[in-house]
Amino acid sequence: MRYFTKEIYTISQKMHLFLRLHVTKPAEIFSEDYFKRSYEDELNKHIKKDKDLSELTADDLYPLDKEIKGPAYIINKGGVFSAKEYLSPEEFEKERQKMIEERKRDHDSYVSSIYDEEKIKDDFYRGYLQSLKRIREDYPYFILKDVADIRVLALNYISQANYAKIKNYCLECKNRVKQADEDYINYFNKINNKVPDYIVKNYGFHDSEVISSYWDGRDFLIKLNADTYSDCTGIRYINAEILENEGIDDCTWLYNEFIFVDGEIEYHSMLLKGIDELRYFTIRADNIEFSFNE
């Protein structure tokens, strides 16, 4: 990837760090007592939430006597559309019946969660440790050095001054991502006549899962689990040459770029393995064939 790189993707995940934070006056200074009180307050919120959840029944969550009016919107690779405008009356009713059947299936298969306070406490503690780890990874030193107690920040409490710094940092991240996006759009507008229209139209697999990838002679094939954004189930690169492959099987497809090099189009992609392992895949080919859901 030349524009939307791993670095830019990582930065993009930091654009909204400030949204989950709560400004409090006590967070301005280090206080063991304030940390303990904040930890207990947050833990008790989780305990209450899980206790309330355990008391819900199938009738609470999936009431069979509540009217289902049908889908409000239809989402496909072309965008988001009003269901009543996009579907014929027959298609709309078919979707509505599906929703009724899904609700009954969810109702009949629902099993109430088991309230286990010790497990809730253990899970909350593990989540808190993960939050501490993310803070050390996500926040730059110039912010962390002024935070009185990162344990309190891990519980999403912050002073007003540091909240302002974090918000500004998020804005800087947003601007860097926006610049990368604009740079690629400007670049693509210069070379888009080099890429066949049917490839531009179909070469978008965001959130699709890679089932497998393999060679078939000189062709390289990728099998996909189609997602909301694409109904493509297979890609065949004709007479292909792989330029970079960090391993794409069992990965989630994120983004693509078309890059024109030495008179040929290179197809650059970034995928996600697991939770946070980014991988590159770059290939060029004489042509591309797509397979779609029927």
Side-chain angles (χ1 to χ4, degrees), residues 6-62 106 109-177 207 250-252 254 272-279:
K6 292 178 183 179
E7 179 188 8
I8 293 296
Y9 178 85
T10 301
I11 289 171
S12 75
Q13 304 306 297
K14 301 178 182 181
M15 296 190 301
H16 306 297
L17 290 174
F18 71 97
L19 291 178
R20 59 174 176 255
L21 301 178
H22 307 285
V23 173
T24 63
K25 183 73 173 174
E28 293 179 358
I29 60 173
F30 181 88
S31 167
E32 191 67 28
D33 179 63
Y34 180 63
F35 164 69
K36 290 179 179 178
R37 283 189 288 109
S38 298
Y39 187 95
E40 288 299 318
D41 287 347
E42 291 301 311
L43 173 59
N44 288 333
K45 289 177 186 177
H46 278 72
I47 291 174
K48 183 179 185 307
K49 179 182 176 182
D50 280 44
K51 190 173 189 301
D52 291 345
L53 202 62
S54 70
E55 295 171 353
L56 294 175
T57 67
D59 290 333
D60 294 324
L61 293 171
Y62 309 106
D106 290 338
S109 63
Y110 178 72
V111 178
S112 297
S113 61
I114 299 173
Y115 177 68
D116 184 339
E117 189 166 316
E118 288 307 310
K119 184 177 183 303
I120 295 170
K121 290 179 178 179
D122 289 343
D123 289 346
F124 182 80
Y125 179 66
R126 283 195 294 270
Y128 161 74
L129 293 180
Q130 282 297 315
S131 182
L132 270 177
K133 180 174 180 289
R134 286 196 303 271
I135 284 171
R136 294 188 176 102
E137 294 171 348
D138 291 344
Y139 289 92
Y141 174 73
F142 78 85
I143 288 177
L144 290 183
K145 70 180 180 62
D146 293 329
V147 174
D149 190 345
I150 65 168
R151 299 177 302 168
V152 172
L153 178 56
L155 297 169
N156 295 324
Y157 294 108
I158 193 72
S159 69
Q160 181 64 60
N162 285 323
Y163 176 82
K165 292 178 184 177
I166 293 170
K167 191 171 183 179
N168 285 336
Y169 174 67
C170 292
L171 180 60
E172 291 174 7
C173 292
K174 184 176 181 179
N175 288 337
R176 286 193 63 185
V177 173
D207 278 355
D250 300 318
C251 288
T252 301
L254 294 177
L272 181 66
K273 178 74 171 181
I275 298 175
D276 57 8
E277 185 181 349
L278 297 170
R279 296 185 176 183

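Just so you know, these numbers come straight off a predicted model, no measurement behind them. The first residue in the sequence is number 1, and the count goes up from there.
Within a 6.0 Å sphere centred on CZ of Phe142, heavy atoms belonging to other residues, nucleotides or ligands number more than 12.
A salt bridge does not link Lys45 to Asp41: none of the charged nitrogens lies less than 4.0 Å from a carboxylate oxygen. Salt bridge absent: Arg176 and Glu172 never bring a charged side-chain N and a carboxylate O closer than 4.0 Å. Looking at Arg151 and Glu32, a side-chain N of the basic residue comes within less than 4.0 Å of a carboxylate O on the acidic one, giving a salt bridge. Salt bridge status for Asp122 with Lys119: absent, with no side-chain N to carboxylate O gap under 4.0 Å.
Remark: aromatic rings of Tyr39 and Phe124 are close, center separation under 6.0 Å.
When each of Val147, Leu153, Val152 is checked for a side-chain contact (heavy atoms from CB on, under 4.5 Å) with Asp149, only Val152 meets the rule.
Residues Leu254 and Leu278 are in side-chain contact: their nearest non-hydrogen atoms beyond the backbone lie under 4.5 Å apart. Asp50 is not listed as a side-chain neighbour of Asp116, based on a closest heavy-atom distance of 4.5 Å or more. Between Tyr125 and Leu129 there is a side-chain heavy-atom pair separated by less than 4.5 Å. At a threshold of 4.5 Å between non-hydrogen side-chain atoms, the residues Ser112 and Ser54 do not count as touching.
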Legend entry - Working for salt bridge (Lys or Arg N to Asp or Glu O under 4.0 Å), residues Lys121 and Glu117: CA-CA 6 Å; Lys121 290 179 178 179; Glu117 189 166 316; 3.7 Å; yes
Inset, instruction - Just do the salt bridge (Lys or Arg N to Asp or Glu O under 4.0 Å) check on Glu55 and Lys51 with the steps written out, would you? - result: CA-CA 7 Å; Glu55 295 171 353; Lys51 190 173 189 301; 3.0 Å; yes
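No hydrogens or angles considered: a donor-acceptor pair under 3.5 Å links the side chains of Asp60 and Thr57.
Annotation: the span from Lys273 atom NZ to Thr252 atom OG1 amounts to 9.5 Å, rounded to 0.5 Å.
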